[in-house]
Amino acid sequence: MSTHKIYFFSLIIAPLASFIFFADLLKKGIPTDLPVAIVDEDNSSTSRSLAMSLDAFANSKIVLKTSDFSIARKAMQEGQVYGILRIPAGFKKDASSSQAPILSFYTNDSYILPGSLVYKDLRLQTALANGVVQRTMLVARGGTEPELSAQLNPIVVDTHPLNNPWLSYGIYLANTLIPAVFAMFVMLLTVYGISSEIKENTSSQLLAISNGSAGIALLGKLAAQFTVFFIMGSLYLLILYRILNYPANSGIAPMLLAMGLLIVACQSFALFVAGLFDKHRIALSITALWSVLSFSIIGFTFPLRSMPEPLQIAANIFPMRHYFMIYVDQALNGIPMYYSWLHYAALAMFIVLPITVYPLLKRQLQKGIYTT
Amino acid sequence: MQSIRNILQIFREEFSTVIRDSGVWIFFVLLNLAYPVIYTYIYSNESVHEVPVAVVDHDFSSASRDFIRRWDASANVNVIARCNDIEEAKRLWYKKDILGILEVPKSFGSDINTGKQTNVSLFTDMGGLLNYKALLMSASSVAQLSGKEIQVKDLTYALPTTQELTASPIRIEEVKLFNPESGYASFIIPAILILVIQQSLLLGIGTLAGTARDRNKGHLLPTGYLTRFRNPFQIITGKAMAYFTVYVVMIVWVYVVVPGIFNLTRIGLKLDLFIFLLPFLLSSIFMAISFSFLSKEREAPFFIFVFTSVPLMFLSGISWPIEAIPHYWKTISHIFPSTFGIEGYTKIANMGSTLNELLPEWYSLWLLTVVYFFISAYLYYRAMRVKF
């Protein structure tokens with residue numbers, strides 16, 4: 001009875017709940033209107049127009065205006081604002097009389113995402129402020145419009161974020177987090193599947209219908225599980241690419257193949273661990289640890305190439321890492337499948353793992369002793 | 001007196017159960033010892049450096065070479081290839097040899113010499129936003145710096161200060177008030193250290209409950225227990241004391257020893273930290289006791305609790321700004337101690353907040369402690385009424 005509940009929960013409830021959670025949380029793609037503070041010690045027409053134009057940036061929203069820096073600093077320490085723009089007293093006067101006033105801005109990178117979004121706005125805003133003063137000086141010298149923009153900004157960088165021009169976090173967080181949660185359950189359920197046969201003493205029945213062959217028994221059980229996993233996995237992919245319409249630039253087929261191989265790789269890895277440890281709780285612990293570490297070692301938030309080198313090598317034995325690389329190549333970038341073959345092959349290679357521990361698995365099934 | 005003796009007896013029995021169960025040890029001890037170290041190691045480089053890129057220079061003037069050289073010289077960028085056209089660069093990108101392409105137009109040098117505005121194009125791989133950020137930041141810094149030089153190059157007769165003033169009539173000063181290096185570890189590790197305590201308690205106590213159910217035909221309490229102890233408050237107090245004892249040691253390891261070894265940011269006062277962590281630990285323990293009622297067998301906690309870590313991380317306001325979290329998720333997040341724990345611990349460790357400044361979080365954690373204390377007492381009360 002409770003075995004069914006665990007399957008139901010792990011295959012449907014938990015992934016679906018994660019799905020709804022992440023899809024809903026990340027639906028806007030990028031956070032907007034993050035709170036910032038303005039410290040206006042000048043209180044002139046110039047400083048007020050500076051404040052107003054900062055408010056117009058999409059990522060920032062001024063929630064605090066004060067002339068006292070310590071108030072703004074305290075607000076930042078309390079996490080109420082992520083950035084502060086400080087306009088010093090005498091700003092307008094100094095700027096117009098070539099006294100080079102200091103315009104300063106502060107950000108809080110303890111919250112790295114909002115901190116860096118606000119940083120971008122503040123940096124642009126202060127550069128623009130500089131431009132406004134320069135422009136006034138240039139106009140006074142009698143420049144014309146195209147000349148002006150050339151002189152204010154001689155070199156412009158046009159950025160082309162390939163295949164994610166919206167800079168949406170939703171796109172790659174949802175496409176990695178959801179399969180990673182699913183892969184975790186595939187691993188856990190595979191160990192649990194073997195473990196519960198033994199725990200509930202049904203392994204002898206399983207062997208009996210397989211004519212005593214542990215290989216057939218295991219293959220049969222895994223094939224049945226694979227079918228269920230693959231149906232669920234494909235369903236999740238369909239939701240991602242057909243309902244939520246995340247980019248699938250090579251079509252959905254390469255991702256279905258990746259999902260199928262991901263499931264096989266996860267099953268194989270789990271079976272391997274289950275073979276090594278006849279205490280299945282240890283096997284469950286290891287697969288759980290592996291899955292949780294996956295979230296970091298995939299390198300989708302902090303890039304793998306910036307991690308210590310031993311980890312860059314170790315990442316290869318995490319199935320999700322290969323799935324993620326295929327996702328970037330195929331769904332996100334839509335490049336020819338040829339370039340991803342190594343990662344497809346790597347996933348398939350995981351099949352070798354359980355074969356090496358087959359005798360151990362066979363003995364466990366035949367003995368059928370549940371050890372905690 | 002009898003009640004205190006009962007509590008102590010329950011404490012002793014629970015403590016020895018914990019000590020003897022290797023499965024529980026994995027969660028209570030091994031997880032807390034290993035995870036903080038593994039994660040600190042994963043993020044030990046703190047930031048992205050030397051992102052490999054290719055350049056396509058159609059101009060090949062001294063100005064374009066200068067621009068590329070400067071970009072290459074910045075810590076974020078490593079130019080590993082010079083290509084003749086975009087197609088050639090794209091093939092390198094397909095092979096993952098490079099993560100960005102800079103294309104300099106043919107008119108680059110002549111535009112600059114004739115006082116026209118010029119554009120360079122930066123193409124970036126979006127498989128990781130940190131790489132994108134590193135390339136963009138450095139390219140715009142170089143553009144700004146080179147731009148300033150162009151602005152003053154006709155002013156050779158002027159004094160250096162006049163030149164500087166023409167290029168930037170306003171001086172700009174940027175300050176990263178907290179986490180000044182924008183380190184990834186400094187940002188994420190506090191959240192992980194809090195989560196590991198809460199999640200290991202959920203898993204460990206869930207395992208204890210599941211094991212008891214496996215052994216007692218689905219009942220949480222053995223019959224012998226019920227004849228001796230009838231008061232649910234005594235039972236949960238005694239059990240909580242056992243877990244608390246183990247976790248006092250773990251807390252010192254996780255929040256003092258590990259940050260010390262890896263030299264993590266820790267500005268706040270130790271005393272404030274421990275006073276803050278007290279209700280965090282207590283509320284986590286009683287929440288774990290309450291949630292352990294979901295654990296119907298020894299293996300169940302793996303399925304119920306492990307996957308929740310990532311959503312909880314997002315709900316804490318660390319990975320995703322709290323302002324961008326819909327209110328219903330925010331409401332749900334308030335039932336987990338980790339939400340307040342991460343918030344508070346980040347402020348103490350990274351931002352040097354004192355306990356006084358964290359009173360809202362601190363009181364919330366005490367409130368959760370009380371609520372979960374009564375929930376777990378009620379659940380035990382109900383479990384004890386079930387006839388065998």
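Reminder, nothing fancy here: chain letters follow the sequence lines and each chain counts from 1.
- The parts of B:Ile325 that come within reach of chain A are both its backbone and its side chain, each placing non-hydrogen atoms under 4.5 angstrom from that chain.
- Of the two parts of B:Tyr94, the backbone and the side chain both hold a non-hydrogen atom closer than 4.5 Å to a non-hydrogen atom of chain A.
- Among A:Tyr106, A:Tyr111, A:Phe105, the one residue that satisfies the ring-ring contact (aromatic ring centres under 6.0 Å, His included) test with A:Tyr119 is A:Phe105.
- Between chain B and the residues A:Val181, A:Leu284, A:Leu311, the largest count of heavy-atom pairs under 4.5 Å involves A:Leu284.
- Of all the listed residues (A:Gly115, A:Pro35, A:Ala129, A:Ala95), the one sharing the greatest number of non-hydrogen pairs under 4.5 Å with chain B is A:Pro35.
- Ion pairing between a basic and an acidic side chain is recognised when a charged N comes within 4.0 Å of a carboxylate O; B:Arg171 and A:Asp94 show no such pairing.
- Your options are A:Lys120, A:Arg123, A:Glu78, and the one with the most heavy-atom pairs under 4.5 Å with chain B is A:Arg123.
- Only the backbone of B:Ser47 comes within less than 4.5 Å of a heavy atom in chain A; its side chain stays farther off.
- For A:Leu177, the part sitting under 4.5 Å from any heavy atom of chain B is the side chain, from C-beta outward, and nothing else.
- Of the residues considered (B:Asn119, B:Ile26, B:Ile38), B:Asn119 shows the highest number of contacts with chain A, using heavy-atom pairs under 4.5 Å.
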| task | Step by step, work out the side-chain contact (heavy atoms from CB on, under 4.5 Å) result for B:Glu50 and A:Ser306. | result | CA-CA 9 Å; B:Glu50 300 286 317; A:Ser306 301; over 6 Å; no
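- For a residue to count as touching a neighbouring chain, one of its non-hydrogen atoms must lie under 4.5 Å from one of that chain's; by this rule A:Tyr327 does not touch chain B.
- With a 4.5 angstrom heavy-atom cutoff, A:Leu289 touches chain B via backbone and side-chain atoms both.
- The side chain to side chain donor-acceptor pair (under 3.5 Å) test applied to B:Ser182 returns A:Asp109, B:Lys176, not counting sequence neighbours.
- Your options are B:Leu203, B:Ile112, B:Asp125, B:Asp111, and the one with the most heavy-atom pairs under 4.5 Å with chain A is B:Asp125.
- Contact count against chain A (heavy-atom pairs under 4.5 Å) is highest for B:Glu173 among B:Glu181, B:Glu173, B:Lys90.
- When heavy atoms are compared at a cutoff of 4.5 Å, B:Glu46 approaches chain A solely by way of its backbone atoms N, CA, C and O.
- Side-chain atoms of B:Glu361 do not come within 3.5 Å of backbone N or O of B:Glu343 as any donor-acceptor pair.
- Side chains of B:Ser121 and A:His160 form a contact here, defined as non-hydrogen atoms less than 4.5 Å apart.
- Heavy atoms closer than 4.5 Å to chain B are found in the side chain of A:Leu34, but not in its backbone.
- There is no contact between B:Ser309 and chain A, counting heavy-atom distances below 4.5 Å.
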| request: Let me see the working for B:Tyr184 and B:Phe187 under ring-ring contact (aromatic ring centres under 6.0 Å, His included), right down to the final yes or no. | output: CA-CA 5 Å; B:Tyr184 201 82; B:Phe187 132 80; 5.2 Å; yes
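- Both the backbone and the side chain of B:Val51 have a heavy atom closer than 4.5 Å to some heavy atom of chain A.
- Considering only heavy-atom pairs separated by less than 4.5 Å from chain B, the leading option among A:Ala180, A:Pro161, A:Pro114 is A:Pro161.
- By number of non-hydrogen pairs under 4.5 angstrom with chain A, the leading residue of B:Leu130, B:Leu358, B:Ile172 is B:Ile172.
- A:Ala283 and A:Val191 make their closest contact through CB-CG1, 3.8 Å (heavy atoms, listed as atom of the first residue, atom of the second, distance).
- The contact between A:Leu332 and chain B is made entirely by side chain atoms (from C-beta outward), counting heavy-atom distances below 4.5 Å.
- Residue B:Ser316: no heavy atom, backbone or side chain, is found under 4.5 Å from chain A.
- At a threshold of 4.0 Å, the pair B:Arg215-B:Glu297 does not count as salt-bridged, since none of the basic side-chain nitrogens sits closer than that to a carboxylate oxygen.
- B:Tyr41 touches chain A through backbone and side chain together, each having a heavy atom under 4.5 Å away.
- In this structure, the portions of A:Ser296 lying under 4.5 Å from any heavy atom of chain B include both its backbone and its side chain.
- Only the backbone of B:Ser319 comes within contact range of chain A, with at least one heavy atom under 4.5 Å from a heavy atom of that chain.
- Using a 4.5 Å cut-off between heavy atoms, A:Ile171 does not touch chain B at all.
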| request: Please assess B:Ile188 against B:Met313 for the test side-chain contact (heavy atoms from CB on, under 4.5 Å), listing each intermediate value before the final yes or no. | output: CA-CA 9 Å; B:Ile188 198 116; B:Met313 174 84 88; 4.2 Å; yes
| task | Dump the intermediate steps for side-chain contact (heavy atoms from CB on, under 4.5 Å) on B:Phe67 and B:Val120, then the final yes or no. | result | CA-CA 10 Å; B:Phe67 188 90; B:Val120 294; 4.3 Å; yes
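- A distance of 6.0 Å or more separates the ring centres of B:Phe303 and A:Phe9.
- Side-chain contact annotation: A:Asn333 with A:Asn163, donor-acceptor N/O pair under 3.5 Å present.
- Using a 4.5 Å cut-off between heavy atoms, A:Phe295 touches chain B through its side chain atoms alone.
- When each of A:Asp33, A:Leu167, A:Thr32 is checked for heavy-atom pairs under 4.5 Å with chain B, A:Leu167 comes out on top.
- Smallest separation of non-hydrogen atoms from B:Phe307 and A:Ala14: CZ-CB, 3.6 Å.
- Considering all non-hydrogen atoms of both residues, A:Pro31 and B:Ala324 come closest at CB-CB, 3.9 Å.
- Contacts between A:Met76 and chain B at a heavy-atom distance below 4.5 Å involve backbone atoms as well as side-chain atoms.
- Evaluation of the side chain to side chain donor-acceptor pair (under 3.5 Å) rule for B:Asn45 yields no partner, not counting sequence neighbours.
- Heavy-atom contacts from other residues, nucleotides or ligands closer than 6.0 Å to CH2 of B:Trp25 number 12 or fewer.
- Within the 4.5 Å cutoff, the side chain of A:Ile30 has no heavy atoms near those of the A:Ser168 side chain.
- One finds no salt bridge joining B:Arg91 and B:Asp97 here, because no Lys/Arg side-chain nitrogen approaches an Asp/Glu carboxylate oxygen to under 4.0 Å.
- Only the side chain of A:Met184 comes within less than 4.5 Å of a heavy atom in chain B; its backbone stays farther off.
- Of the two parts of A:Pro15, neither the backbone nor the side chain holds a non-hydrogen atom closer than 4.5 Å to a non-hydrogen atom of chain B.
- Within the 4.5 angstrom heavy-atom criterion, only side-chain atoms of A:Leu113, from C-beta onward, approach chain B.
- Neither the backbone nor the side chain of B:Ile101 comes within contact range of chain A; no heavy atoms are under 4.5 Å apart.
- Listed options B:Lys95, B:Lys96, B:Gln144 were ranked by heavy-atom pairs under 4.5 angstrom with chain A; first place goes to B:Lys96.
- Proximity to chain A (any heavy atom under 4.5 Å) is restricted, for B:Tyr328, to the side chain, taken from C-beta onward.
- With a 4.5 Å cut-off on side-chain heavy atoms, B:Met351 and B:Thr265 do not count as touching.
- Interface remark: A:Tyr338 contributes no atoms to any contact with chain B (heavy atom separation under 4.5 Å).
- Put simply, of B:Leu129, B:Leu31, B:Thr346, B:Leu30, the one with the most heavy-atom pairs under 4.5 Å next to chain A is B:Leu129.
- For a residue to count as touching a neighbouring chain, one of its non-hydrogen atoms must lie under 4.5 Å from one of that chain's; by this rule A:Ser18 touches chain B with the side chain only.
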